[in-house]
Amino acid sequence: MSRGVERAFKYRFYPNVEQASELARTFGCVRLVYNMALRARTEAWTLRQERVNYTTTSAMLTAWKKTEELAFLNDVSSVPLQQTLRHLQVAYANFFAKRARYPTFKSKKQSRRSAEYTTSAFRYRDGQLTLAKMTEPLHIVWSRPLPDGVSPSTVTVSQDAAGRWFVSLLCDDVIEQVPATDAVGVDAGLNSLLTLSTGEKISNPRHERRDRAALARAHRNLARKVQGSANRAKARVKVARVHARIADRRRDHLHKLSTRLVRENQTIVIEDLTVRNMVKHRSLARAISDAAWRQFRTLLEYKAEWHGRNLVVVDRWFPSSKLCAACGAHAERMPLHVRSWTCRCGRVHDRDVNAARNILAEGLSVIACGGGVRPQRESSRTGQSSAKQEPPGATQGIPVP
């Protein structure tokens, strides 16, 4: 079995002086066009109650290019400018569908620097990629080959805060779907990053803590520099490099974990964690952010879809830590410092392993009862899981520190 998907392959590249200058101009023009189109759409609705779509903003872009003040827009490729208008249209569609907030203006210092090229704005031949307005191909480090016999449909060039250049090529790929029969429940934590229902515990690398001293040193060096000076710009890049090193290690680790779980199991059950609310905890916010539970879930979602796996997300209110996986007893209290407890049935539980087993059982019951793979809004509001459970209080467990 195999499945065709659209897959992005990201590589690092090193532009020469002319290419870097051209891309910097393109990034600036893309940001300017996006902000001008957003302002025009906002003012049209605020002042005249008029809806402006992509076609209208595209006509505006043509008019802007003919003015003396914005004639420099003609110096860069027109495709990234058109693509940023399409991105703005998608942002508005997500806003009206209540999937996102109202679009915001792009910032020169904080927003992501990127430009998207379609097939008419680049040439890919013999393993070399040449963008519009450039005479030489990009010096790309091909860390892995592209699929045989395919050409990219979209190319996205970006530069991160550390000054590194990346190019992402969107290609058609075929994913071989290897059959699997196992099912696993996953409990996310801080002492152990993941605890599986099999009893295995995956340690938390704590990437941010490993580089905390270097990060503090770089921030102190940045704080001593004068605002707007060249030395401050260099110090800011050094801070960004430390953050990039932390993020790269974290992303690599999560990719390896998610790929392993998807390849080994047909059904994967996780919790619906509200990370946005959990990071408000003053003592645990830093550790929760470093664990990147939301990023891990995102990786699991698209990889499970690629490989034909079942990803079940149980309700956030399901008391996975308080239930006895052996008899179903429900403990009234389970403070965070309690790492093991003894049920009245005599079973001694490791808190995390017991929670992972309960998560797996809950996910399998959701599938058996015909529930969805995502928690329902109504069940989240009422605090009840979508699967039928034993009424709380039927038997009471006694947690033992």
Side-chain angles (χ1 to χ4, degrees), residues 91 94-95 98-104 107 109-112 160-162 185-196 201-216 218-219 222-223 236 239-258 261 268-302 311-322 333-339 351-352 355-356 359 374-377 379-381 383 385:
N94 291 334
F95 168 72
K98 298 182 179 180
R99 293 189 297 265
R101 296 181 179 180
Y102 192 81
T104 58
S107 169
K109 295 184 179 180
Q110 297 181 358
S111 298
R112 179 171 178 260
D160 65 4
V186 181
D187 177 63
L190 295 178
N191 293 330
S192 298
L193 181 62
L194 300 177
T195 302
L196 308 183
K201 291 188 175 183
I202 300 173
S203 61
N204 188 355
R206 303 183 187 275
H207 301 287
E208 187 271 339
R209 178 177 292 183
R210 289 172 54 187
D211 275 350
R212 187 171 296 178
L215 187 61
H219 272 289
L222 175 64
R236 183 201 60 79
V239 173
R241 286 175 180 172
V242 179
H243 279 291
R245 184 167 63 247
I246 295 172
D248 288 346
R249 288 204 301 258
R250 180 189 299 121
R251 188 185 308 108
D252 179 71
H253 187 243
L254 294 180
H255 267 294
K256 292 176 179 177
L257 287 180
S258 57
L261 291 176
I268 305 170
V269 188
I270 60 176
E271 286 184 291
D272 180 33
L273 299 176
T274 54
V275 180
R276 180 175 55 184
N277 295 333
M278 297 172 70
V279 294
K280 297 178 182 179
H281 195 290
R282 296 181 59 183
S283 301
L284 300 177
R286 199 168 191 172
I288 293 173
S289 299
D290 190 27
W293 295 330
R294 178 63 201 182
Q295 184 179 10
F296 175 72
R297 174 175 171 175
T298 301
L299 298 178
L300 274 182
E301 286 177 342
Y302 79 78
L311 180 63
V312 184
V313 183
V314 301
D315 194 278
R316 67 187 61 172
W317 300 106
F318 176 66
S320 58
S321 299
K322 297 182 179 180
R333 296 176 59 256
M334 190 65 61
L336 286 176
H337 70 271
V338 177
R339 307 316 303 172
R351 178 193 182 103
D352 298 331
I359 290 172
R374 295 179 183 274
Q376 302 299 318
R377 288 182 177 270
S379 62
S380 297
R381 287 196 298 266
S385 177

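This is a predicted model, so every value here is computed, not measured. Numbers for residues simply follow the sequence, beginning at 1.
Side-chain atoms of Arg282 do not come within 3.5 Å of backbone N or O of Val279 as any donor-acceptor pair. Arg210 places no side-chain N or O within donor-acceptor distance of the main-chain N or O of Pro205, the cut-off being under 3.5 Å. Here the side chain of Arg250 pairs a donor or acceptor atom with the backbone of Asp290 at under 3.5 angstrom. Looking at Arg249, its side chain never comes within 3.5 Å of a backbone N or O of Glu208 through a donor-acceptor pair. For Asp272 (side chain) and Val313 (main-chain N/O), no donor-acceptor pair under 3.5 Å exists by modelled atom type.
A heavy-atom distance below 4.5 Å is not found between the side chains of Ile270 and Val314. Taking the side chain as every heavy atom from C-beta outward, Leu299 and Leu257 never approach each other to under 4.5 Å. Taking 4.5 Å as the limit, every side-chain heavy atom of Val275 sits out of range of all side-chain heavy atoms of Arg297.
To the nearest 0.5 angstrom, Ser258 atom OG is 11.0 Å from Leu311 atom CG. In this structure, NE2 on His219 lies 4.0 Å from NE2 on His243, to the nearest 0.5 angstrom. Between the CZ atom in Arg241 and the CG atom in Asp248 there is a gap of 13.0 Å [rounded to 0.5 Å].
Shown here are the side-chain contact (heavy atoms from CB on, under 4.5 Å) partners of Ser283, two or more places apart in sequence or in another chain: His281.
Closest of all the heavy-atom pairs between Ala161 and Arg236 is O-NH1, 3.3 Å.
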